[in-house]
**Q** 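Quick one: structure below, then a few questions.
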Amino acid sequence: MRAAVVVFPGSNCDHDTYYVLKDLLGIETDLLWYRETNLERYDLIVLPGGFSYGDYLRAGAIARFAPVVQALPEYIERGRGIVLGICNGFQILTEAGLLPGALTKNISQRFICKTVKLRVENNATPLTHLFRYGEIIELPIAHGEGRYIAPRETLERLKRNRQILLTYYEENPNGSVENIAAITDETGTVFGMMPHPERNSERLFGTGDGLRLFQGVMQGPAGTPLP
Amino acid sequence: MSRLELALQHGLSQREYETICASLQREPNELELGLFSLNWSEHCSYKSSKRFLKLLPTAGKRVLQGPGENAGVLELENDWCVAFKVESHNHPSAVEPFNGAATGVGGIIRDILSMGARPIALLDSLRFGDLTPQPPSRRGKGECLTPPRFGEGPGERSRQLFTGVVAGISHYGNCVGVPTVGGDVSFDDAYTDNCLVNVMCVGLLKRSQLKRAIAHGVGNKILLVGARTGRDGIHGATFASEDLVGETEAKRPNVQVGDPFTAKSLIEATLEVCQFPELIGLQDLGAGGLSTAPAEMAARGNVGIAIDIEEIPLRDPTMTPYEILLSESQERMVLCVKAGSEQKFLQIYRKWGLEATVIGEVIAERVYRIRHESRTIAEVPISLLVGGVPEPDLSPIPSPKEGGESPLPLREGGTGVRWGGAGGEVGGKNGRSWREALKQLLHSPTIGSKRWVYEQYDHTVQTNTVIGPGAHDAALLRVKGERFGIAVTMGGNGRYCQIDPYEGGARAVCEAVHNLLSVGAEPIGITDCLNFANPTDPEVLWSFEQTIRGMADAARALELPFVSGNVSFYNQSETRKIYPTPIVGMVGLLKDIELRVPMGFQGEGDLIYLIGKLSGKVGGSEYLKVFYGDIGGELERTDLELERQLVTVMLALAERRLLHSAHDVSEGGLLVALAEKSFARGLGARLELDDLSEEYLFGEWPSRFVVTVAPEREDALKELLDEAGVPYQRVGIVAGDALELGGDGVSVTELRRAYETALEL
């Protein structure tokens, strides 16, 4: 398996994510400069957290025009591999129209950084299959624009197709509709999540729940290892 | 206008102007005056403070770089080193809190970067006026006060400054990807007109990566990289070297505007070029911009520098050479690189979408020469520009006799009681129970939870934060792939210094030491920011000297070097001076991160011990301020011998894993410390205290820790303390979900509610 962590100017979780994939899990991983468009070699492409292009205008609004993001639709269409957007990466994927809905300013109007509880709503995806359905896990969040919103029809579709993967549990920190924290697209290969799994991938930082998410991708949907 | 008048308008004194004319043997032109006004400003030259700063110890076995560079550097383990420094951004923040604070963060990050280090943590010490100052009518003499409920009363300006500063730090620090892991915030009327924003940055580097801000080698190139130069921040350093008087709105253009996105790219690009052997030196363009940084680099290398002003990329092509040189536009750095290698440097910066231009070269004549289209438009000797400023003729007032009263004014309208003798027993004549007093204290903004603040800061990015803000006395960072950890802390109490600046200085150092010891880390070095009012006031200068002497004596006793620092004077308005406020930033080394000690109670049945100085006075406490409106009383002098013993014994206790938890007793006193220990797991305690006096429960005398130990390890703990000759006393046992004392109790939930809601804006 080979993974890429995309580096936009302003990404700031690129090294953290790379560390988990490369150093903790031993996956062959590249830091991929945003101008790259050849994604053929990669089984997993992570759009990491941060403030790509300073989040000027709107979080993700400029990064969606980056060459690497422009190359994603073809990659997805061909079912070549998995795309995971974390935090800013999620924002970029919604801005690019590769995931439904939008991420808007937190309802408090303030940036918020804390560890939150999440409920696993669908464990039949490559990302979540190592969790139990309904399991409560802990991951840190750190964002100013993480309030997920979508039109009613979209929400209905998300629910019907079981595209909602994680929801905030007990406390909704940003005002997201339906407590949505992570979703996938209709192909089940594009994932977006506001919480940071890379920040809780070691017991040193708490439960270490984040690691299982990356391990899940590594092992493939039904436990079959990806090439 | 005469040239002299122009010089005075630039903030230079007549004597300084005469020194310049005598040295140049001519009158300086306007551009040169601009250069001198910034290089000779208090902010850049330390002209009033340097003779006192010499009192601070700077040597130590781990010191790789002491004061004089952009940051100090200490050796850790396995070739790893830590670079750190604190910097103030008080004046800009008082005028434009959001951008003032944001650019304060940016400036100190680039200082760390200039050492070749990756910035890994930020801490902030913030001081504001009371958010709800007590109405004067309720400050009757000798009368016991009921603190106003939160949300009542004025304090609107302080509130705006507070929310603006926190938003600015959040905006910049979060975007630039450096976690904000600690610091402190407190509130007092003294900071109403001049808030304090001190930011500390910590960086990590390998020994071989160490860089300096130096230029040498005639013909080598000077590069300007980062953002374009604009009109913002012109005369920022001069502005920071004056009292904040009159229409501060008019000073807005003196405040720079930060761009954390560009800063983040600048960090990554600069760390890339730090790998190039052709890099000779680099420096941040901070206070003074291009008027100071190249000159300082040349001074360190004993060379001169010539700059071609037309090469500098501008935001506005109509800018004059004067504006260009004096601009303090953010996110810029100057590099000195080997001639012929410039292209590979330019390429890296351009890859990151940044400006990068060759703007000049190293010359043999030791002058700073500004050229415009090959014509020299300013030229001054480096030795005169950097360090040539005459020391102003200032002297502190003579010190009062030993035991005499501090000459600094204490708060008017307090109780007037010199709190020396036995106070009332809590629950006694003043009718207040210890429960209520404790709740009120926990609810005071200075002591209460700062969650509202630190949740706005990204403190987990970079995935090294093992102990983050609000969880302990100090923050703890791991280093990927290593056993050891780096503990960091920052703080200082101005109220103590107002009462007794010498003791306040000593306590600032000792408390930082305690914070690191609580985590289990060995303190290894200090950075400081000295925030004071106008130094031409002999009283202020006296408090400055006393504070430094207190800090120096404590640091010497504990063998801790000062490796970097900053002085911020002129923190006063027409009506108000800040307290003398030394902020101490300290770094500690924890040999094995698995040996870290938590702060909170860990399990029922653990025994609670008080270690250190077992009795003392209530003077200077938050308790006196909250309940009596009193800034005063007697501060006992710290016993530095006991402090030495505490360092040894606390490290030994941590190393032998005898401590289940540790917390230093500071603001709020013993009961507040115990309450804070109860919050982590909601565990209460049965306290066995004989003394229920206000002094004992709420006094803030120094040199104390509250620790817990498993019952089966109690003997080992006592043995070690006996051997060390450190006093100790068992004060209770961890039990239940309430704090119980003298047949009375209060639930942890209730205390936590008071604590957590202290700062709800």
Side-chain angles (χ1 to χ4, degrees), chain A residues 7-20 22-24 31 33-35 48-57 59 62-63 66 86-88 106 108-116 139-145 173 195-206 210-211, chain B residues 118-120 163 166-181 258-269 271 331 351-354 451-471 476-478 480-481 485 593-594 596 760-761:
Chain A
V7 182
F8 297 98
S11 292
N12 66 26
C13 305
D14 43 349
H15 290 283
D16 306 350
T17 312
Y18 178 88
Y19 174 76
V20 173
K22 181 78 187 296
D23 296 327
L24 297 183
L31 287 169
W33 191 236
Y34 73 102
R35 289 186 186 280
F51 289 71
S52 56
Y53 304 93
D55 276 359
Y56 292 133
L57 193 57
I62 300 174
I86 301 169
C87 197
N88 193 229
N106 294 347
S108 66
Q109 299 296 308
R110 289 192 297 268
F111 189 95
I112 182 155
C113 176
K114 65 194 289 193
T115 292
V116 297
L139 294 177
I141 55 164
H143 58 246
E145 297 172 49
H196 286 274
E198 79 282 8
R199 297 191 190 185
N200 183 15
S201 284
E202 293 163 86
R203 288 308 297 253
L204 196 55
F205 304 114
L211 193 69
Chain B
R118 176 175 283 279
I120 58 164
T163 53
V166 170
I169 291 171
S170 162
H171 163 73
Y172 199 105
N174 296 351
C175 184
V176 83
V178 181
T180 300
V181 300
D259 175 2
F261 164 59
T262 302
K264 168 67 175 156
S265 298
L266 188 59
I267 292 176
E268 298 304 329
L271 289 174
E331 334 306 353
K351 177 186 112 183
W352 283 94
L354 298 166
R451 185 184 298 276
W452 185 87
V453 178
Y454 64 74
E455 276 190 357
Q456 295 186 57
Y457 302 154
D458 189 338
H459 44 85
T460 49
V461 67
Q462 295 195 13
T463 59
N464 296 320
T465 313
V466 178
I467 299 176
L476 181 65
L477 304 161
R478 63 103 176 252
K480 291 186 178 100
I593 209 147
E594 293 308 321
R596 66 189 182 275
E760 279 190 340
L761 299 186

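Reminder, nothing fancy here: chain letters follow the sequence lines and each chain counts from 1.
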**Q** Would you say that B/His171 contacts A/Phe51 through its side chain, given a criterion of any heavy-atom pair below 4.5 Å between the two side chains?
**A** no

**Q** Using side-chain heavy atoms (C-beta onward) and a distance below 4.5 Å, is A/Ile112 in contact with B/Tyr457?
**A** no

**Q** Quick one: CZ on A/Phe205 to OG1 on B/Thr465, what's the gap to the nearest 0.5 Å?
**A** 7.0 Å

**Q** Can you say whether B/Thr460 sits under 4.5 Å from chain A via the side chain, the backbone, both, or neither, judging by heavy atoms?
**A** both

**Q** Contact part of B/Asn464 toward chain A, heavy-atom cut-off under 4.5 Å: side chain, backbone, both or neither?
**A** backbone

**Q** Could you go step by step and tell me if B/Asp259 and A/Tyr56 meet the side chain to side chain contact (heavy atoms under 4.5 Å, CB included) rule?
**A** CA-CA 10 Å; B/Asp259 175 2; A/Tyr56 292 133; 2.5 Å; yes

**Q** For A/Val7, is it the side chain, the backbone, both, or neither that has a heavy atom closer than 4.5 Å to a heavy atom of chain B?
**A** side chain

**Q** Please determine if A/Lys114 and B/Asp458 form a salt bridge, counting it only when a charged side-chain N lies under 4.0 Å from a carboxylate O.
**A** no

**Q** If you round to the nearest 0.5 Å, how far is CD of B/Glu455 from SG of A/Cys113?
**A** 8.0 Å

**Q** Does B/Phe261 reach the side chain of A/Pro9, with side-chain heavy atoms less than 4.5 Å apart?
**A** yes

**Q** Any idea which of B/Arg451, B/Lys264, B/Gln456 has the most non-hydrogen atom pairs under 4.5 angstrom with chain A?
**A** B/Gln456

**Q** Are A/Glu202 and B/Lys480 close enough for a salt bridge, meaning some N to O gap below 4.0 Å?
**A** no

**Q** Are B/Trp452 and A/Arg110 packed together at the side-chain level, in the sense that at least one heavy-atom pair is separated by less than 4.5 angstrom?
**A** yes

**Q** Show the numbers, then the answer: is there a side chain to side chain contact (heavy atoms under 4.5 Å, CB included) between B/Glu268 and A/His15?
**A** CA-CA 11 Å; B/Glu268 298 304 329; A/His15 290 283; 3.9 Å; yes

**Q** Would you give the length of the straight line joining atom OH of A/Tyr53 to atom OG1 of B/Thr262, rounded to the nearest 0.5 angstrom?
**A** 12.5 Å

**Q** For B/Lys351, check side chain to side chain contact (heavy atoms under 4.5 Å, CB included) against everything at least two apart and list the hits.
**A** A/Trp33, B/Glu272

**Q** Between the side chains of A/Arg199 and B/Thr463, does any donor sit under 3.5 Å from an acceptor?
**A** no

**Q** Heavy atoms only: give me the nearest A/Asn12-B/Cys175 pair and the separation to one decimal.
**A** ND2-O, 3.4 Å

**Q** Could you grab the distance from atom CG of A/Leu204 to atom CD of B/Glu594, nearest 0.5 Å is fine?
**A** 6.5 Å

**Q** Taking side chain to side chain contact (heavy atoms under 4.5 Å, CB included) as the test, write out the residues that go with A/Ser11, two or more places apart.
**A** A/Phe8, A/Asp14, A/Pro48

